[in-house]
Each structure stands twice: as structure tokens, then as C-alpha cells.
Amino acid sequence: MGIVYFDQDRVFKLDTPHTSYLIGIVDEDNFVGHIYYGRRLTDYGLTNFLRTNEPPFVPSVNNRERISFLDAFPMEYPTHGIGDYRESAFRVRSKGGHRACVLSYVSHEIFAGKKKIPGLPTSFAKEGECSTLRLTCQDKCLGLSVVLNYSVFEDVDVIARSVEVHNMGTDGIMLQKVASMSLDMDNRDFEMITLHGAWARERHVEKRRLGTGFQGVASRRGEPGHQDHPFMALATAGTTQEHGEVYGVQLMYSGNFEIRAEVSQYTSVRWQAGIESEDFGWMLAPGEYFYAPEALLTYSFAGIDGMTACYHDFIRKHVIRGKYKNSKRPILINNWEATYFDFNTEKLLSIAKEASGLGIEMLVMDDGWFGKRNSDNSSLGDWQVNEEKLSGGLAHLVNEVNKLGMKFGIWFEPEMISPDSELYRKHPDWAIAVPGREPSQAREQLVLDFSREEVVEGIWEQMEAILRGANIEYVKWDMNRPLCDLGSALLTPEKQGELPHRYMLGVYELQERLVTQFPDILLENCSGGGARFDAGMMYYSPQIWCSDDTDAIERLAIQEGTAMIYPLSTMGAHVSDCPNHAVGRTTPFETRGYVALAGTFGYELDVTRIPEKDREEIPRQTALYHKYNDLIREGDYYRIASASENHAFDCWQVVSKDKKESLVTCVQVLASPSRRSRIIRLKGLDETKRYRVEGEETVLYGDSLMYGGIQIHNLKGDFAGKLIHLISE
Ligand code: GLA
């Protein structure tokens with residue numbers, strides 16, 4: 001059992017394979033304090049870390065200076081309005097309009113396994129793989145119970161935290177902020193690592209030193225967005241890929257979020273992650289519960305690579321579900337960049353026919369098959385087949401594609417409504433809007449109010465009819481605009497602040513229905529590229545479209561940032577045509593293949609119209625996919641060189657769990673006249689194993705390859721990239 005309670009010291013010790021997390025209960029007020037999180041320890045009696053033995057002392061010793069205590073004590077879940085002036089994790093407003101809240105420990109429970117959070121994506125584990133601590137705290141004055149959940153995994157260094165609020169009183173209480181986790185630590189000259197971007201430039205890695213005061217990332221878009229990401233790491237000064245201590249947190253949530261660090265007057269850091277609080281307000285009636293989503297915490301003393309390894313293993317084992325959890329995905333060809341809205345049955349079949357002969361396994365029909373959608377200005381919400389385009393209907397098209405030996409996939413954007421749609425003409429109140437104010441459009445569309453059951457139901461009925469009407473084996477679920485003008489026609493004024501989270505609950509409900517009622521369908525999430533790429537979505541879809549930028553060189557930075565916390569098996573990556581539609585760059589077809597092989601792999605082009613020599617390359621690429629995908633999907637990933645940092649050369653490596661096989665991918669972005677070769681030092685191999693480089697005479701021990709390195713030759717301007725396959729003898 002990874003969780004032990006030491007009664008005499010009133011200390012909880014939570015252990016994962018290499019980390020410990022200690023919580024202490026102190027004083028007569030039963031304050032819950034944070035003692036330690038980091039490398040695994042043997043001792044538990046470390047209550048001196050709480051500094052209650054030094055001035056200002058605990059209130060029972062020095063009630064005169066209660067505020068000084070509260071403003072310095074490392075709180076496990078700090079509350080508002082009582083004299084801790086740092087950022088609170090939990091804020092309420094009582095019926096009387098008061099904000100003060102004190103949470104004191106009342107009881108706890110430790111059990112094997114973990115429970116599902118109602119309505120929310122939740123990491124899971126078998127009984128022997130995980131144990132959970134439920135710490136119940138109460139504010140007796142408010143009649144509020146707050147349960148802090150900690151699930152500790154036996155096989156990977158992750159602690160999943162979540163929070164449950166129960167109104168046990170007789171009056172409604174307005175919840176204004178419910179963070180999923182809070183962590184008080186001494187600042188060790190931390191650097192903050194975050195992922196930032198824009199449309200077609202998602203998840204670029206950014207590092208900066210923590211300064212006094214507040215810093216962090218947040219979204220009020222109703223989804224994480226292209227701009228910020230629900231992840232932050234705090235790394236000790238000088239941390240590299242291989243060395244240094246790294247704390248990571250990511251949210252298993254796909255809506256508004258905030259992750260902030262505050263460096264206080266005493267140079268301690270308060271670190272929090274949860275639902276964004278400015279656009280949040282939840283009226284909790286007597287007897288009701290509120291559940292905050294999970295925060296996935298990790299700690300590594302082996303640099304960024306250590307954090308990456310933990311998150312990859314965790315997501316693959318404890319987040320992703322379904323038929324495709326541990327299996328190869330079909331190689332798809334998507335018609336978006338091939339045809340945009342200009343297609344019909346004949347055109348799609350011509351693509352499928354050509355593709356099937358080249359080793360491509362599934363045709364995905366993207367946007368434009370429904371209503372009267374011939375551009376992006378109409379028909380969202382009208383999920384009926386446009387038979388003018390698809391003559392003979394959907395089933396005919398799918399049958400013809402199946403006859404070619406290919407699977408068929410389809411695109412939906414279920415959360416949206418076009419003002420020019422039958423659905424909007426019938427149900428204008430189904431769109432999110434403020435009464436009397438015209439809501440802002442984006443891509444000429446509005447957002448459906450998924451907080452309403454009948455809206456979710458209405459969309460589901462249409463989707464289900466389509467999915468039952470033909471042999472559909474894949475769904476791309478898109479979401480192409482953020483939320484604004486927040487207003488729901490059904491919520492009372494005091495409940496309007498619940499809309500963004502209720503919206504997410506509706507989205508999750510519909511995705512849950514889809515994956516449970518159609519368990520054989522492969523679901524790929526997408527949001528204008530990668531605006532909703534998070535562990536919450538991965539609970540429903542094992543892969544997510546990474547970015548609308550399919551340029552191989554731009555993708556290096558996007559995939560580097562994405563792979564820092566998500567397994568390669570989740571990254572939707574396709575080979576597209578050149579000049580690239582997003583940036584206009586031309587790259588060798590081989591390069592595009594090497595970069596897409598690091599993800600789910602597929603094509604996004606008109607295979608009937610690309611140059612003959614590119615088409616000839618496709619069977620070689622699809623063969624590479626089949627040869628390497630098990631390794632890429634299941635192996636340990638290492639970052640070797642970053643073109644974002646060195647502006648010339650990118651390199652990553654995957655090593656099989658048994659260390660018998662490894663694949664190294666190199667891509668050059670800038671040739672140097674004086675530099676025709678590079679030595680790269682590999683990682684993760686077995687020092688004592690001899691590895692043969694496939695296709696070469698070279699046979700070297702793992703230690704030579706890791707500490708000496710391997711030479712990459714012929715780095716001239718036309719170097720299209722290289723795969724190096726190592727097999728142990
Ligand atoms: C978004 C997606 C694209 C494509 C279009 C269709 O931008 O990211 O892949 O599906 O929508 O409108």
C-alpha cells in the first residue's frame with residue numbers, strides 16, 4: 001500500500017516508486033499542512049518542515065499572531081478570507097455574502113484502487129496498481145465538507161489529486177473557486193516550463209524564471225485553446241533534459257483552466273491548478289456535491305526526460321481506454337487539404353482507389369458532407385447527408401470504400417450551430433448567448449448550449465442516425481471556435497456562472513455515449529487543429545489532431561512541445577502536399593514522412609494529383625509505419641536535439657521497454673557549409689547490450705552509443721532526414 005497514516009505524528013505518507021508526498025495535521029484547529037513532495041524518503045516524522053516550532057507558532061501557542069501563522073504556514077488546501085493572504089485554492093460566498101472559510105481535518109479513509117469522478121474524465125487503475133487517500137475537511141460554520149483525494153500509483157510516479165465539495169448546511173453556498181490542487185513549497189530558484197502558441201503554432205516550449213508575485217497560464221475560451229496549455233512544470237535552476245528536479249502538473253480537463261505560481265514574501269511558492277475562477281461560479285444547494293477535475297502531479301529527479309517518461313506511461317496505462325489503447329491505428333487519408341469543401345462521391349472514390357493501392361487503410365471524409373455546406377458559412381447542426389454531393393447516399397460511398405479494402409471515417413463538429421442552419425431556425429435559443437445581445441460569431445458560427453440535456457440529446461440523435469446508417473469506423477470530432485457571450489436560456493441568474501463547466505460536462509457526456517455505444521469506432525478529437533489537446537480528451541479519444549499546420553519543419557516544434565507530456569501515440573500527424581497550405585514551404589516528401597511517423601501517421605493530400613515520385617514513396621512510408629509503429633507507440637521517448645533551440649537540427653529517439661530495439665529520427669532544418677556530420681549521443685539503451693545499426697556494418701555497445709555517440713553523415717542541404725534503427729544482438 002503506497003499510503004500510510006502515522007497516528008502519533010498525525011502524518012500521511014504517500015509513496016510512488018520514486019517519490020514521497022507528506023501531509024501533516026497540526027494544532028488544535030486541525031490545519032492540514034504540506035510537509036514534503038519530492039524524491040522518495042524513508043522517514044515520515046518530518047513535521048519540522050512545517051516550521052510550527054518557530055515564531056509565530058501555531059495559534060494554540062500564540063493566538064495573538066494567528067494571521068502571521070496563517071500567512072506563512074504551508075497549507076495543503078488554502079482557503080480565503082481568514083488571514084492567509086496568498087492565493088487561495090478555495091473561495092466561497094455564503095448566503096450572508098461572507099467569504100471567510102476555514103477547512104479543518106475531520107477524518108480520512110485509505111483504500112485500494114480509485115473511484116470515478118461523476119461526469120468527468122478520470123484516470124483509472126486496477127486495485128493492486130493504486131491506492132487512494134480521502135482527506136475530509138470541514139468548515140463547521142458554513143456547513144461545508146471538502147474532500148481532498150490523492151491517488152498514488154504503484155507503477156508510475158504520478159499522484160492524481162481531485163477535490164469534492166459537499167454542502168451539508170441549510171443554505172445555498174456560491175463556490176467561486178475550487179482548485180484541483182494546491183502545493184506550497186520553498187522556492188528553489190525554480191524555472192517555469194509552459195507550452196504556448198497560436199492557431200497552427202501550438203505548444204511551443206517556453207521557460208522562464210519564477211519571480212516574486214503571480215505568474216502562470218490560463219484560458220477563458222471554454223477550451224484550453226491554442227494559446228496556453230493546461231500544464232506547467234517547475235524545474236530547479238539549471239535543469240536539462242537529463243538532469244535536475246522537475247515538478248509537473250497537468251489537468252485532466254478540457255475547459256477553462258488556470259495554473260499559477262505565486263512566490264510569496266517568504267520566498268515560498270504556492271502552486272495551483274484547476275478550473276479558471278473568473279468565469280466560474282457554482283451555486284451549491286444544500287445536499288449537493290461539486291467535483292473538481294483531476295490534477296496529475298509528477299516529480300522527477302532525472303530532468304525533463306524523467307517527467308516525460310512518467311506522463312507518457314501514465315497516459316498510456318491509466319488514461320487511454322478502448323479498442324485502440326494498445327493497438328496500431330489504421331493509416332488514414334483525410335480529404336481536407338485535398339479538396340476542402342469541393343468534393344463528391346466520385347472524387348472521394350478516386351482518392352480512395354489510388355490510396356488503397358499504396359497501403360493506405362482508411363478514407364476520412366472531412367467537413368462539407370452535410371446540410372448545404374459548401375463553405376464554412378452554414379449548416380452546422382444539420383447532420384444530414386447532402387445527397388447532391390454524395391449521390392447514392394452515405395452507405396453507398398462507405399460500401400464502395402469498403403470494397404476497396406479500406407475503412408471509412410467521418411467528420412463532425414457536434415458542439416456548433418451555424419446561424420444559417422435548419423437547427424438554428426428551429427431552435428435559436430439553443431445557441432449560447434446573452435438575452436438582448438447579439439453573440440459574436442467566429443468562422444460564422446455560434447456555440448450550442450451543451451449545458452442543456454435536450455441540446456446534447458438533439459445532436460446525439462442526428463449523430464447516431466449517421467453512425468448507424470453506414471459502416472463508419474472512425475470519427476473526427478472537431479470544435480472550431482471558442483466560447484463567448486456566455487448565457488444559457490435555462491440557467492437562473494445565480495447559476496449563469498456554471499455554464500462553462502456545465503458545457504464541458506455535456507461534451508464529456510456525449511463523447512462517453514459515443515465511445516460506449518460505438519466501442520469499435522476510433523475517435524480522434526480536434527479543435528481548429530490542437531486547441532483541445534489534453535488528458536481529459538484522451539480519456540475518450542486515443543489520438544488528437546495536433547495542429548492544422550502540417551508543414552514538417554513547423555511540426556518539429558509543435559511535436560516537441562506536445563511530446564514533452566503526451567505519448568507519441570496520441571499525436572495526430574499527417575503527410576501533406578507542398579507548398580504547404582499553412583506556411584507555403586516545400587520540404588522533401590521523405591522529411592514529411594519521418595515527422596508524421598512520430599505520431600499517428602496518415603495523409604492529408606489529393607493522392608491522385610501529387611507528383612509521381614511522391615506517390616511512389618508512399619508504399620515505402622506505409623511499410624515503415626507497420627515496421628516501427630509498435631515501437632513508436634509503446635516505447636520510451638527521448639529528446640536528443642531540439643531545432644527550436646539550436647536552429648539547425650532536430651532529433652528524437654524511441655527505445656523499446658526491453659531495450660532490445662531503438663529508433664532514432666533526425667531532421668535537419670538548416671545546413672551548414674562547414675558542417676557535414678554530427679555526433680549525437682543516444683539515450684535509454686542498455687550499456688551492456690551490443691546494438692547493430694540496421695543496414696550498416698556498425699555494431700556498438702549501448703555505452704558507446706550513449707556516452708560516445710553515433711555519427712550522422714552527409715548533412716548537405718538536400719539531407720531529407722534519417723531513421724536509424726538499432727537492434728540488440
Ligand atoms: C478544422 C480542423 C481541420 C478541418 C477543418 C474543417 O480547422 O482542424 O483539420 O477538419 O476544421 O472545417
Side-chain angles (χ1 to χ4, degrees), residues 197-203 221-227 254 329 332-343 347-348 351 362-383 386 389 408-418 420-421 441-448 463 466 472 474-482 507 522-534 537 541 543-551 554-555 558-559 562 570-577 580-583 592 596 599-606:
W199 173 74
R201 184 164 51 81
E202 297 90 337
R203 291 176 296 285
R221 295 168 187 270
E223 60 170 350
H226 302 94
Q227 296 72 11
S254 321
R329 324 277 161 75
L332 66 84
I333 185 160
N334 178 302
N335 74 309
W336 178 240
E337 287 193 28
T339 65
Y340 295 103
F341 295 97
D342 186 16
F343 63 86
K347 178 69 213 167
L348 293 177
I351 292 177
M362 178 161 74
L363 176 77
V364 174
M365 178 172 67
D366 210 280
D367 194 355
W369 56 266
F370 52 93
K372 52 180 181 62
R373 188 154 166 102
N374 294 312
S375 84
D376 60 9
N377 62 3
S378 83
S379 303
L380 293 167
D382 299 342
W383 301 106
N386 176 349
K389 274 183 171 177
F408 185 88
I410 197 167
W411 179 97
F412 284 100
E413 197 177 350
E415 299 153 69
M416 297 293 150
I417 182 163
S418 303
D420 180 9
S421 65
Q441 298 185 16
R443 212 191 189 205
E444 234 174 306
Q445 62 198 57
L446 300 173
V447 185
L448 280 168
M463 286 179 79
I466 294 288
I472 292 168
Y474 161 107
V475 166
K476 177 173 171 185
W477 177 308
D478 210 339
M479 196 272 193
N480 275 320
R481 62 153 290 178
V507 172
L522 169 60
L523 177 62
E524 174 154 359
N525 265 289
C526 170
S527 177
R532 203 163 59 182
F533 198 115
D534 57 76
M537 283 285 123
S541 66
Q543 60 193 56
I544 302 178
W545 184 228
C546 209
S547 175
D548 277 347
D549 191 338
T550 53
D551 173 68
E554 294 267 312
R555 272 289 182 125
I558 296 170
Q559 294 185 185
T562 308
T570 63
M571 296 197 310
H574 298 165
V575 174
S576 64
D577 202 5
N580 180 268
H581 294 197
V583 293
R592 288 175 253 162
T600 56
F601 196 70
Y603 293 85
E604 184 112 2
L605 39 73
D606 185 345

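In this text, all values refer to a predicted model and were calculated from it rather than measured experimentally. For ligands, and for the atoms within them, numbers begin at 1 and follow the listed sequence.
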Under 4.0 Å from ligand 1, counting heavy atoms only, is it the side chain of Lys476, its backbone, both or neither? side chain
Main chain of Gly530, side chain of Ser547: is a donor-acceptor contact present, judged purely on distance under 3.5 Å? no
Using a strict cut-off of 4.0 Å, indicate which atoms of ligand 1 neighbour a heavy atom of Gly529. 8 (O)
For ligand 1, which atoms sit closer than 4.0 Å to a heavy atom of Cys526? 2 (C), 8 (O)
Establish, from distance only, whether the side-chain atoms of Arg532 and Ser254 form a donor-acceptor pair under 3.5 Å. no
Under 4.0 Å between heavy atoms, the region of Asp376 that gets near ligand 1 turns out to be neither
Contact atoms of ligand 1, heavy-atom distance to Asp367 under 4.0 Å: 6 (C), 12 (O)
Ring pair (Phe, Tyr, Trp, His ring centres under 6.0 Å), paired with Phe412, selected from Trp477, Tyr474, Phe370, Trp369: Trp369
Contacting atoms of ligand 1, where contact means under 4.0 angstrom from a heavy atom of Asp548: 1 (C), 2 (C), 3 (C), 7 (O), 8 (O), 9 (O)
Taking the six-membered ring for Trp, are Trp336 and Phe341 parallel (under 30°), tilted (30 to 60°) or perpendicular (over 60°)? perpendicular
Glu524, portion touching ligand 1 at heavy-atom distance under 4.0 Å: neither
Side chain His226, main chain Gly529, donor-acceptor under 3.5 Å: no
Test item, His574 contacting ligand 1 (heavy atom, 4.0 angstrom): no
Contact (N/O only, under 3.5 Å) between Asp366 and ligand 1: yes
Atom 2 (C) of ligand 1: the protein heavy-atom neighbour that sits closest, reported with distance to 0.1 Å: Asp478 OD2, 3.1 Å
May I ask you to establish whether Arg555 and Trp545 are in a cation-pi arrangement, using a distance under 6.0 Å from NZ or CZ to the six-membered ring centre and at most 45° from the ring axis? yes
Is there a polar contact between ligand 1 and Arg373, counting only N or O atoms under 3.5 Å apart? no
At a non-hydrogen distance cut-off of under 4.0 Å, which region of Asn334 contacts ligand 1 (side chain, backbone, both, or neither)? neither
Taking Lys389 for the side chain and Gly368 for the main chain, is one N or O donor matched with an acceptor at less than 3.5 Å? yes
N/O donor-acceptor pair under 3.5 Å between Thr339 side chain and Asn335 backbone: yes
